[in-house]
Amino acid sequence: MNQAEEFVVPDITVRKNAGLSHDTDYTMPQPLDRYTAADHATWATLYARQVALLPGRACDEYLDGIAALEVSPQRIPDFAELNRHLMAATGWQLVAVPGLIPGDVFFEHLAHRRFPVTWWIREPDSLDYLPEPDIFHDLFGHVPLLMNPVFADYVQAYGKGGVKADSLGGLDMLARLYWFTVEFGLINTPKGLRIYGAGILSSSSESHYSLESDSPNRLGFDLMRIMKTRYRYDSFQKTYFVIDSFEQLFKATEPDFAPLYAAIADRPDIPAGDILPGDKVLHQGTQEGWPDTEDA
Ligand SMILES: C[C@H](O)[C@H](O)[C@H]1CNc2nc(N)[nH]c(=O)c2N1
Ligand SMILES: N[C@@H](Cc1ccccc1)C(=O)O
Ligand SMILES: [Fe+2]
């Protein structure tokens with residue numbers, strides 16, 4: 001969500017949170033008694049479908065993380081149980097939130113190694129696609145990699161960067177970095193291309209598409225390039241950026257971004273599907289099936 005846009009709470013979030021309240025930092029106790037048998041069944045369905053896709057597609061760091069977390073295939077996890085594993089591995093904690101929260105609050109949590117997880121799960125009629133995060137996306141998609149020390153540090157650094165970017169006019173550029181790494185990142189490994197982005201890992205169709213389709217571009221990671229690249233939040237990505245390692249990602253994003261924001265602020269935005277001279281092209285997309293509407 002664009003920071004400058006007004007913070008609008010989606011209908012489903014309002015419905016799911018009826019009668020519940022949250023703190024000023026948007027955290028709340030995980031309302032375990034609100035989960036119905038149908039909710040747990042939705043979790044089990046989504047979990048089984050995704051887990052079957054992961055071998056050979058998700059990166060090893062993700063697979064190691066989800067195994068070590070002992071995430072239940074059958075029931076929506078209790079955050080307190082996952083937090084014991086997370087705390088021991090990397091010092092991260094999950095906090096329950098009502099849904100999307102304001103960007104500044106989100107950054108503050110990450111900067112303190114707290115990962116906001118939407119507590120509720122999607123309805124059975126929207127198993128494949130939901131325009132906002134639910135617990136399946138937030139937990140299944142994001143949390144396993146927080147068991148990895150390098151990635152865990154990257155997400156915290158990102159949170160601190162977000163707090164800082166606000167006063168530097170860098171929020172939109174920083175949001176793109178999150179989008180093309182944490183949400184939709186791919187990683188090159190000795191075994192082949194793998195997924196680490198949570199938006200892909202929680203989507204059955206995009207797990208196939210991101211790796212196997214000829215339509216999208218796959219380009220080598222390039223920090224400044226990413227910061228100027230528009231993206232899609234209403235369809236599969238036109239372009240995926242590929243890192244070589246989490247160490248590369250951490251090192252490339254470690255320097256102070258203040259001079260970078262100033263240097264590239266006036267450069268034009270790059271349309272989501274464009275390839276430029278200088279891009280490290282791993283695969284040039286055929287553009288088949290791309291939406292003809294405007295990028296974000
Ligand atoms: C910071 C940025 O605007 C970003 O889109 C934030 C906003 N609020 C959020 N809130 C939740 N619960 N989860 C998220 O991933 C985000 N992303
Ligand atoms: N180095 C960035 C912070 C950051 C780290 C990692 C990811 C994103 C942002 C800054 O100075 O703003
Ligand atoms: Fe996400």
Side-chain angles (χ1 to χ4, degrees), residues 1 9-17 20 26-28 30-55 57-59 62-63 65-83 85-86 92-101 106 109 114-147 155 178-179 182-185 195-210 233-237:
M1 187 188 300
V9 181
D11 287 349
I12 184 163
T13 303
V14 173
R15 262 197 334 269
K16 294 277 187 180
N17 286 283
L20 299 172
Y26 282 80
T27 64
M28 58 195 288
Q30 185 185 10
L32 289 167
D33 57 358
R34 284 267 179 132
Y35 298 130
T36 63
D39 287 337
H40 290 299
T42 298
W43 175 272
T45 301
L46 292 169
Y47 185 99
R49 186 169 76 174
Q50 275 319 97
V51 142
L53 290 179
L54 297 181
R57 293 198 180 84
C59 65
Y62 176 91
L63 295 171
I66 197 161
L69 270 172
E70 303 186 71
V71 178
S72 166
Q74 299 298 340
R75 296 180 60 81
I76 294 175
D78 180 337
F79 296 173
E81 288 172 19
L82 301 183
N83 278 344
H85 292 299
L86 268 174
W92 273 79
Q93 292 287 272
L94 308 183
V95 289
V97 293
L100 277 173
I101 62 177
F106 182 70
H109 284 305
R114 293 187 298 265
F115 196 80
V117 174
T118 303
W119 68 266
W120 52 265
I121 197 157
R122 66 196 70 183
E123 297 296 318
D125 62 2
S126 47
L127 284 193
D128 295 321
Y129 182 78
L130 199 70
E132 55 269 323
D134 72 339
I135 193 175
F136 191 73
H137 168 78
D138 283 344
L139 208 165
F140 189 93
H142 285 286
V143 175
L145 272 175
L146 294 175
M147 294 286 280
V155 180
Y178 193 82
W179 190 265
V182 177
E183 294 291 355
F184 291 97
I195 306 164
Y196 74 92
I200 309 176
L201 290 166
S202 63
S203 161
S204 144
S205 44
E206 198 154 0
S207 292
H208 286 287
Y209 180 86
S210 63
Y233 53 82
D234 58 348
S235 70
F236 294 150
Q237 301 306 304

Interatomic spacing from CD1 in I101 to OH in Y26 - rounded to 0.5 Å: 8.0 Å

Salt bridge (charged side-chain N to carboxylate O under 4.0 Å, His left out) filter on E123, not counting sequence neighbours, yields K16

Taking all non-hydrogen atoms of both residues into account, name the closest pair between E206 and I200 and its distance. O-CG2, 3.4 Å

ring-ring contact (aromatic ring centres under 6.0 Å, His included) against H137, all qualifying residues, sequence neighbours excluded: H142

Under the salt bridge (charged side-chain N to carboxylate O under 4.0 Å, His left out) rule, collect the residues that match up with D78, sequence neighbours excluded. none

Indicate the atoms forming the closest heavy-atom contact of L82 with L69, along with that distance. CD2-O, 3.5 Å

Qualifying residues under side-chain contact (heavy atoms from CB on, under 4.5 Å), relative to P124, sequence neighbours excluded: T42

How would you list all residue pairs meeting salt bridge (charged side-chain N to carboxylate O under 4.0 Å, His left out) that involve residues 130-143, not counting sequence neighbours? R122-D134

List the residues meeting side-chain contact (heavy atoms from CB on, under 4.5 Å) with L63, not counting sequence neighbours, and say none if there are none. L54, A58, D60

For the CG atom of L139 and the OG1 atom of T118, what is their distance to the nearest 0.5 Å? 10.0 Å

If the condition is salt bridge (charged side-chain N to carboxylate O under 4.0 Å, His left out), which residues does R114 pass it with, not counting sequence neighbours? none

Minimum heavy-atom distance W43-P73, with the two atoms named: CD1-O, 3.8 Å

Could you go through T13 and W120, starting from their C-alpha distance and side-chain angles, then the distance that decides it, and tell me whether this counts as side chain to side chain contact (heavy atoms under 4.5 Å, CB included)? CA-CA 8 Å; T13 303; W120 52 265; 3.6 Å; yes

Tell me, do S72 and Y47 make a side-chain contact under 4.5 Å, heavy atoms counted? no

Is there a donor-acceptor pair closer than 3.5 Å between any side-chain N or O of W179 and the backbone N or O of F184? no

List the atom of W119, the atom of A96, and the distance in Å for their closest heavy-atom pair. CB-CB, 4.3 Å

Mind checking side-chain contact (heavy atoms from CB on, under 4.5 Å) for T45 and listing every partner two or more places apart, or none if nothing turns up? L127

Apply side-chain contact (heavy atoms from CB on, under 4.5 Å) to Q50 and list each qualifying residue two or more places apart in sequence or on a separate chain. L53, F136, F140, S204, S207

Taking the side chain as every heavy atom from C-beta outward, state whether L86 and M147 have any atom pair closer than 4.5 Å. yes

Sequence neighbours left out, what passes salt bridge (charged side-chain N to carboxylate O under 4.0 Å, His left out) with R49? Give chain and number order. D128

With sequence neighbours left out, write down each residue that passes side-chain hydrogen bond (donor to acceptor under 3.5 Å, both in side chains) with N83, or none if nothing qualifies. none

Those residues at least two apart in sequence (or on a different chain) that pass ring-ring contact (aromatic ring centres under 6.0 Å, His included) with H40 are Y35

